[in-house]
Amino acid sequence: MAATTPRIPTMSGIPILGNLPDLRADRLGFLERVARECGDIGIFSAMGREFVLLNSPVLAHDILVTQAAKVEKGKNLRENGSPIFGNGLVTSLNAFHKRQRTLIAPVFQHGRIADYATIMTTYADDLQRSWHHGKTRNIADDMMRLTLRVIGKVLFDQDIGGDAPEVGAALDTVRDTFMRVTNMPVRLPDWFPNSPQRHSRDAVAQLNAIIYRIINERRAEGTTDHGDFLSMLLRAHDEDGIFMSDQQIRDEAMTLFLAGHETTANGLAWAWYLLTQHPAVYARMQDEGDCVLVGRMPTAADLAQLPYTLQVFKEAMRLYPPVPIVVRQASVPVVIAGQPFPVGTRFIVSPWTLHRRADLFPDPTRFDPDRFAPEHEKDIPKHAYLPFVTGPRNCIGASFALFEGQMILAALAQRVIFALIPGQTITPEASITLRPREGVRVAISRRL
């Protein structure tokens, strides 16, 4: 008798809605329950659509790398994200995505990234100078403003420090609207009165005006290299000598503008939160900086001597991955775990659940930066740690994010100490990225 493929465990749900109420009540908690009850692979549903959670390194590698050509970004992301990102790296598909990624890749070469170290430390130093001893700050908001200022300078050679509140508010509107639309069982048309999409239109227009103004100014200048990302985008061309249009540059700039600051800001906010809860780890990171930097701001050359600081950032992104949920949709029939799935099947890889598997990360909820010490990091199973996803659609700015996170942690640890304000409930909010819902309020103490 021929062997049969074992039936994939399926979560029970209510008629029509399926598991949608569970997802809307606690998205991350529900995915943890699916992983716990179903194991490596499990199925759940929402509004008649099936979703397949792949919760093992092998299956994550299969869908994101081996069979990447057979799947594409989730339909919700593309439909709801296109008014914001246009046809940028986040939403573009297939051959066009590959072309754009090839054109943009030189922006993130290591030598280029190292040139931005002074920008990061200068702005970090500016920020900490505004903090007063004994005062309370929302460190999540401060990290968002800091990384927004950094990406503005790195991307456009513009110091948007004075405009940061307005730009940040516009970005928040865009992000929040995207999340509301994504969560809706039925997507309302843009023309519908009070549709969420209409609320973000002015915000997108405001950001577009800034980006197109800078592009037009650069076009008028000619070939001047400002040493920023935009200069490279304007000069980039494919093997046929075709340059990007203003629309394409706008789409990629908007993508880098949004993705290039929020993920790092959230990673830093979670890192500071975890450090306040683990004083021994915090003291060890400070000691490392004191020995290497002796009170000065770090440089790119110093980072090799600050390995524990990088370990802290990596471990923070394990516990609180920048993108907690990754969705891929089958564009052709796909076979996963020996089971055939039809066109349109939605697969989910969740770094949130994957990073919490005890067989991959012993005592998984414990904050332990030594997991990423060189002698231990090599033992982490391949594709078990996915803070920047993996495969041809992995985060193109991963190296930049790690560099910036390490620089800012080292810079601020030299100047101040954070203490968590008691009585807070720090809740992760799974939006486009993973941010602390109400922020992280800390008391500032200055170091002598």
Side-chain angles (χ1 to χ4, degrees), residues 2-13 18-20 22-23 26-46 49-74 77 315 317-366 371 376-395 428 430 434:
T4 58
T5 303
R7 180 177 177 274
I8 296 175
T10 301
M11 301 295 290
S12 60
N19 302 112
L20 183 62
D22 298 314
L23 279 166
D26 182 2
R27 181 172 306 188
L28 299 176
F30 175 69
L31 290 178
E32 286 186 76
R33 181 155 66 91
V34 177
R36 186 169 57 251
E37 295 181 12
C38 298
D40 289 356
I41 181 170
I43 296 175
F44 63 92
S45 66
R49 299 172 179 170
E50 281 194 344
F51 296 82
V52 184
L53 178 66
L54 306 177
N55 193 51
S56 79
V58 171
L59 295 180
H61 177 266
D62 194 10
I63 202 68
L64 297 175
V65 181
T66 305
Q67 304 199 65
K70 298 180 180 180
V71 296
E72 56 195 24
K73 283 290 186 78
L77 175 63
E315 174 69 346
M317 290 191 294
R318 183 190 68 82
L319 283 169
Y320 297 97
V323 179
I325 302 168
V326 178
V327 181
R328 294 289 185 266
Q329 188 167 340
S331 53
V332 298
V334 175
V335 176
I336 295 289
Q339 175 76 36
F341 292 96
V343 172
T345 301
R346 291 167 172 83
F347 299 96
I348 290 178
V349 174
S350 172
W352 175 271
T353 60
L354 198 61
H355 293 178
R356 281 167 167 71
R357 283 188 55 149
D359 58 335
L360 303 176
F361 299 96
D363 195 3
T365 59
R366 180 167 55 92
R371 297 180 201 272
H376 297 142
E377 187 174 18
K378 63 181 176 58
D379 295 328
I380 296 175
K382 194 172 184 181
H383 306 296
Y385 180 63
L386 299 177
F388 302 108
V389 197
T390 189
R393 297 199 73 122
N394 72 327
C395 175
L434 188 69

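Side chains included, hydrogens not; waters and symmetry mates left out as well; all remaining heavy atoms used. Owing to the predicted nature of the structure, the values given are computational and were not obtained by experimental measurement.
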Sub-4.5 Å side-chain heavy-atom contact between [X] and [Y]:
X      : Y      : answer
Val326 : Pro351 : yes
Glu50  : Arg346 : no
Cys38  : Met11  : yes
Trp352 : Leu31  : no
Cys395 : Val389 : no

Would the distance check show the side chain of [X] and the main-chain N or O of [Y] forming a donor-acceptor pair, the cut-off being under 3.5 Å?
X      : Y      : result
His355 : Leu386 : yes
Asn19  : Ala46  : no
Arg357 : Asn55  : yes
Thr353 : Glu32  : no
Arg393 : Leu64  : no
Ser331 : Lys70  : yes

Between [atom1] on residue [X] and [atom2] on residue [Y], distance to nearest 0.5 Å:
X      : Y      : atom1 : atom2 : result
Ile63  : Phe347 : CD1   : CZ    : 4.5 Å
Asp62  : Leu54  : CG    : CG    : 8.0 Å
Ser350 : Arg356 : OG    : CZ    : 9.0 Å
Ile336 : Gln67  : CD1   : CD    : 4.5 Å
His61  : Thr66  : NE2   : OG1   : 4.0 Å
Tyr385 : His383 : OH    : NE2   : 15.0 Å

So, for [X] and [Y], which heavy atoms are closest and what is the spacing to 0.1 Å?
X      : Y      : answer
Leu28  : Pro324 : CD2-CB, 4.0 Å
Ile41  : Pro9   : O-CD, 3.6 Å
Ala60  : Val349 : CB-CG1, 3.9 Å
Ala384 : Leu360 : CB-CD1, 3.9 Å

- Task: From the options Ile8, Leu59, Leu53, select the one residue that forms a side chain to side chain contact (heavy atoms under 4.5 Å, CB included) with Asp40.
- Result: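 The side chain to side chain contact (heavy atoms under 4.5 Å, CB included) with Asp40 is passed solely by Leu59 among Ile8, Leu59, Leu53.
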
- Message: Classify the ring geometry of Phe51 against Phe44: parallel below 30°, tilted from 30° to 60°, perpendicular beyond 60°.
- Response: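 If you compare the ring of Phe51 with that of Phe44, the planes turn out parallel.
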
- Can a salt bridge be assigned to the pair Asp363 and Arg371 using a cut-off of 4.0 Å between side-chain N and carboxylate O?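 No, no charged N to carboxylate O under 4.0 Å.
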
- Message: Taking side chain to side chain contact (heavy atoms under 4.5 Å, CB included) as the definition, give me every residue that meets it alongside Pro322, ordered by chain and number, with sequence neighbours left out.
- Response: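 With sequence neighbours excluded, Pro322 shows a side chain to side chain contact (heavy atoms under 4.5 Å, CB included) to Thr263, Met317, Pro387, given in chain and number order.
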
- Task: Step by step, work out the side chain to side chain contact (heavy atoms under 4.5 Å, CB included) result for Phe361 and Ile380.
- Result: CA-CA 8 Å; Phe361 299 96; Ile380 296 175; 3.9 Å; yes

